[in-house]
Amino acid sequence: MDDKTNVMRILDQKKVKYSEHTYLNTDAIGGQEVADALGEDANKVFKTLVTVGKTGNHYVFLVPVNKELSLKKAAKAVGEKKIEMIKSKELLPLTGYIHGGCSPIGMKKFFKTTIHESAKDFDTIMFSGGKIGYQVETTLDGLKKVIRFDLADIAE
């Protein structure tokens, strides 16, 4: 595939091994549909969610596509009293990504990132490649070379 996404270029720069997956030829929209289209276990396919805390700080959370982010647990994980999802229209100016193509790698600015603790149960996890239709799969150790993150129980 020669149309690499920014995420893939960043992984290449950091010499992180990853595999890329596309679901461009499907009607998959939601995370579960994407996992199904790729024939993957939905527990190892993660969606990237961007939130804002009471303090005004932004946070990024990755949870399996078949789970929901618990705002209460997420707030606790980052030491906020309360957090909420950002509005869809704020996503692009804030992160450089559009809804459905948001990746924890390569945002305009790095935000504190927390990944659901179940990620450690898998050799590799998948998440958005930074464009709708693209997913990348890598190890948590590989991901650590590119971004800082914590693991916590943040789903319900």
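Worth saying up front: this structure is predicted, and the values here are computed from it rather than measured.
No donor-acceptor pair closer than 3.5 Å links the side chain of K82 to the backbone N or O of A75. Panel note: side chain T22, backbone G133; no donor-acceptor pair is recorded below 3.5 Å. Put simply, the side chain of K47 gets close to the backbone of K67: a donor and an acceptor are under 3.5 Å apart. Under a 3.5 Å cut-off, the side chain of T113 and the backbone N or O of F149 do not form any donor-acceptor pair. A distance-only check finds a donor-acceptor pair linking the side chain of E80 to the backbone of K54 [under 3.5 Å]. In this structure a side-chain-to-backbone donor-acceptor pair under 3.5 Å is present from K73 to A155.
The shortest heavy-atom contact between P104 and T48 is CD-OG1, 3.3 Å. Shown here for C102 and M107, the closest heavy-atom pair between the two residues is SG-CE, 3.6 Å. The minimum heavy-atom distance linking F46 with N43 is given by the pair CE1-O, 3.5 Å. Of all heavy-atom pairs between G53 and I83, the closest is CA-CG2, 3.6 Å. Looking at every heavy atom in both residues, A77 comes nearest to A152 through CB-CB, 4.0 Å. Closest approach of G129 and S103 over heavy atoms only: C-CB, 4.5 Å.
The shortest side-chain heavy-atom distance between F127 and L143 falls under the 4.5 Å cut-off. Here the side chains of V78 and T51 are not in contact, with every heavy-atom distance at 4.5 Å or above. A heavy-atom distance below 4.5 Å is not found between the side chains of V45 and L38. Residues F122 and L140 form no side-chain contact, since every pair of their non-hydrogen atoms from C-beta on lies 4.5 Å or further apart. Annotation: side chain of L49 is not in contact with side chain of Y59 (no heavy-atom distance under 4.5 Å). In this structure the side chain of K108 never reaches within 4.5 angstrom of the side chain of T95, judged on heavy atoms.
Rounding to the nearest 0.5 Å places CG of L91 at 8.5 Å from CE of M85. For the atom pair CG (L11) and CG (N6), the distance works out to 10.5 Å, reported to the nearest 0.5 Å. Rounded to the nearest 0.5 Å, atoms CG (D12) and NZ (K4) are 4.0 Å apart. Here NZ of K14 is found 11.0 Å from NZ of K145. Values are rounded to the nearest 0.5 Å. If you take NE2 on H21 and CD on E40, they are separated by 5.5 Å, rounding to the nearest 0.5 Å. E20 CD to M126 CE: the interatomic distance, rounded to the nearest 0.5 Å, is 11.0 Å.
Counting non-hydrogen atoms of neighbouring residues, nucleotides and ligands closer than 6.0 angstrom, the CG atom of D121 exceeds 12 such neighbours. The local environment of CD in E90 is crowded, with over 12 non-hydrogen atoms from other residues, nucleotides or ligands closer than 6.0 Å. For K120, the NZ atom sits in a packed shell: over 12 heavy atoms of surrounding residues, nucleotides or ligands are nearer than 6.0 Å.
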message: With side chain to side chain contact (heavy atoms under 4.5 Å, CB included) as the criterion, how do E156 and K72 come out once you've worked through the C-alpha distance, each side chain's angles and the decisive distance to 0.1 Å?
response: CA-CA 10 Å; E156 47 191 3; K72 209 179 202 158; over 6 Å; no
- prompt: Which is it for V7 and Y134 under the side chain to side chain contact (heavy atoms under 4.5 Å, CB included) test, yes or no, and what are the steps along the way?
  reply: CA-CA 10 Å; V7 172; Y134 295 89; over 6 Å; no
task: Please lay out, stage by stage, how K112 and D150 fare under the test side chain to side chain contact (heavy atoms under 4.5 Å, CB included).
output: CA-CA 8 Å; K112 182 172 172 59; D150 295 309; 2.8 Å; yes
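Neither V50 nor F61 shares a network with the other; the hydrophobic side chains, linked directly or stepwise wherever heavy atoms of I, L, V, M, F, W or Y lie under 4.5 Å apart, form separate groups for each. Connection of I154 to V60 is not established within any shared hydrophobic cluster, with ILVMFWY side chains joined at heavy-atom distances below 4.5 Å, either directly or through further cluster members. Follow the hydrophobic side-chain contacts under 4.5 Å out from V52 and you reach L94 in the same cluster. Taken together through direct or relayed side-chain contacts under 4.5 Å among Ile, Leu, Val, Met, Phe, Trp and Tyr, L62 and F111 form part of one hydrophobic cluster. V136 and I125 fall within the same hydrophobic cluster, where Ile, Leu, Val, Met, Phe, Trp and Tyr residues are linked whenever their side-chain heavy atoms come under 4.5 Å apart, directly or through other members.
Applying the side chain to side chain donor-acceptor pair (under 3.5 Å) rule to S118 yields the partners H116; only residues at least two apart in sequence or on another chain are considered. Take K44 and apply the side chain to side chain donor-acceptor pair (under 3.5 Å) test, not counting sequence neighbours, and it matches T124, E137.
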Identify every side-chain donor-acceptor pair in residues 24-34 under 3.5 Å, counting partners at least two apart or on other chains, and give the distances.
from : atom 1 : to  : atom 2 : distance (Å)
T26  : OG1    : Y23 : O      : 2.8
T26  : OG1    : A28 : N      : 3.2
Q32  : NE2    : D36 : OD1    : 3.1
E33  : OE1    : I29 : N      : 2.8

